[in-house]
Amino acid sequence: MHEQNWNAGRQGKDDAPPCPGSGARLAPALAGVGRAVDVLLAHESAVPDGLSFRVRVPDGHDLFGDRGSRGLPDDALLLRSVVEQCAYAALQRTGLLRPGEVPLNTSSNSRATGAPPIPLFHDELVATCRVEQLRSSRTGRTRRVSASCVLTSRSGQVLADGQTSAGVLERTLYRTWRGAGVIRAGNLSPSLSTLPLCTGEVRSRPENQVLAQIGRQGRDAHALLRLSSHPYLLPASADHVTGRLFAEAVRQLVLGVCEPKGDLRALRMSFHRLCTLNEPVRVHATPCPKPQTSARWQVLFSQSGTRVCAATAEVYV
């Protein structure tokens, strides 16, 4: 499809949702989640081409509150969710994501600038997100957007940052592209299994276990992705594997198997093609050349022999 540069940061802003009052927790739809308990942000203020938020991680969240038997700290996985919600809200507020449109993630990066744990105390972390439109099709029915996010302490110290990019298309185009007979997560059979000890150190609750048939070959690790509905990672309405599920799988394989004494410092992901729910998804982790203070792992996901997602995880050891 022909694409052109388009400086339209305010295009469609009249259709954007109203900006909530300072200190008000975001509505789930604005944060791009299905449940109020999954919202990690409260509104702080508007900034040029974006928004500023206070990070508020709910106490006892069924996923983020599950720290495994090791009691793992907050890390790049939670940061990715914060960046994702910041981007989703800011894109809607600036009119770059409008009602009736579908965003499909193409890449995401999140990193702590220091060693974990990240101090995500109540109202202590401020996330500032700015968005831009990169290009649009001639008809305006598809376009590419990006968002960058910086997380600082109240004193202004930068503690973490992240970036995400996505393709946006009209829902009618998406439905035509996907065709008939689409399988949704709510139609999948539950696949709870005995929780392996190695991943139990990362997530204690069986419903948060996202890997099966975990194995090692030399230093490499491999597994199958468990395709089962999850209220946050794979909502019942999802018709493809979400970036959240890919990210959680990376975390569990790397921290549970490859580097069981490490903490996830950075996570970089690229999404090569849509990953459906009707075929198995294989996961393979390989060590990268090791920096002095951290270990890096490349994690690849494939479906029917084709790569669908690639990730690099940096672990503080």
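In this structure, R35 pairs ionically with D62, as a charged nitrogen and a carboxylate oxygen lie closer than 4.0 Å. Classification of R226 and E248 as a salt-bridged pair fails, no side-chain N sitting under 4.0 Å from a carboxylate O. Taking a cutoff of 4.0 Å between a charged side-chain nitrogen and a carboxylate oxygen, R251 and E259 do not qualify as a salt bridge.
Contact annotation: the side chain of L41 approaches that of V82 to within less than 4.5 Å [non-hydrogen atoms, C-beta and beyond]. With contacts defined as side-chain heavy-atom distances shorter than 4.5 Å, the pair R154/V126 qualifies. Residues C309 and M269 form a side-chain contact, since some pair of their non-hydrogen atoms from C-beta on lies under 4.5 Å apart. Annotation: side chain of Q92 is in contact with side chain of L30 (closest heavy-atom distance under 4.5 Å). Side-chain contact check for T276 versus I183: every heavy-atom pair is 4.5 Å or farther apart. Residues R273 and T306 are in side-chain contact: their nearest non-hydrogen atoms beyond the backbone lie under 4.5 Å apart. By the 4.5 Å heavy-atom criterion applied to side chains, D161 and V83 are not counted as neighbours.
Between D66 and H61, the side chains place no donor N or O within less than 3.5 Å of an acceptor N or O (distance only, hydrogens not considered). In summary, the side chains of S107 and S270 do not present any donor paired with an acceptor at a separation below 3.5 Å, with no hydrogens or angles considered.
Contacts of L274 classified as side chain to side chain contact (heavy atoms under 4.5 Å, CB included), with partners at least two apart in sequence or in another chain: L104, Y174, W177, R178, H240. Judged as a side-chain hydrogen bond (donor to acceptor under 3.5 Å, both in side chains), and not counting sequence neighbours, the contacts of N105 are R80, T164. Partners of S304 by side chain to side chain contact (heavy atoms under 4.5 Å, CB included), not counting sequence neighbours, listed by chain and number: E279.
Other residues sharing the hydrophobic cluster of L224, ordered by chain and number and joined by side-chain separations under 4.5 Å: none, the residue standing alone. Residue V158 belongs to a hydrophobic cluster whose other members are V150, with links defined by side-chain heavy atoms closer than 4.5 Å.
Within the 3.5 Å criterion, the main-chain N or O of R25 finds no donor-acceptor partner in the side chain of R54. A distance-only check finds a donor-acceptor pair linking the side chain of R143 to the backbone of L96 [under 3.5 Å]. Under a 3.5 Å cut-off, the side chain of Q85 and the backbone N or O of L40 do form a donor-acceptor pair. A donor-acceptor pair is defined here as one N or O able to donate and one able to accept, closer than 3.5 Å; such a pair exists between the side chain of Q252 and the backbone of V210. Between the side chain of E207 and the backbone N or O of Q209 there is no donor-acceptor pair closer than 3.5 Å. In this structure, the side chain of T242 engages the main chain of L233 through a donor-acceptor pair within 3.5 Å. A donor-acceptor pair is defined here as one N or O able to donate and one able to accept, closer than 3.5 Å; such a pair exists between the side chain of T113 and the backbone of L159.
Sorted by first and then second residue, the ring pair (Phe, Tyr, Trp, His ring centres under 6.0 Å) pairs with a member in residues 200-219 form an empty list; sequence neighbours excluded.
Below 30°, between 30° and 60°, or above 60°: for F53 and H43 the angle between ring planes is above 60°, a perpendicular geometry.
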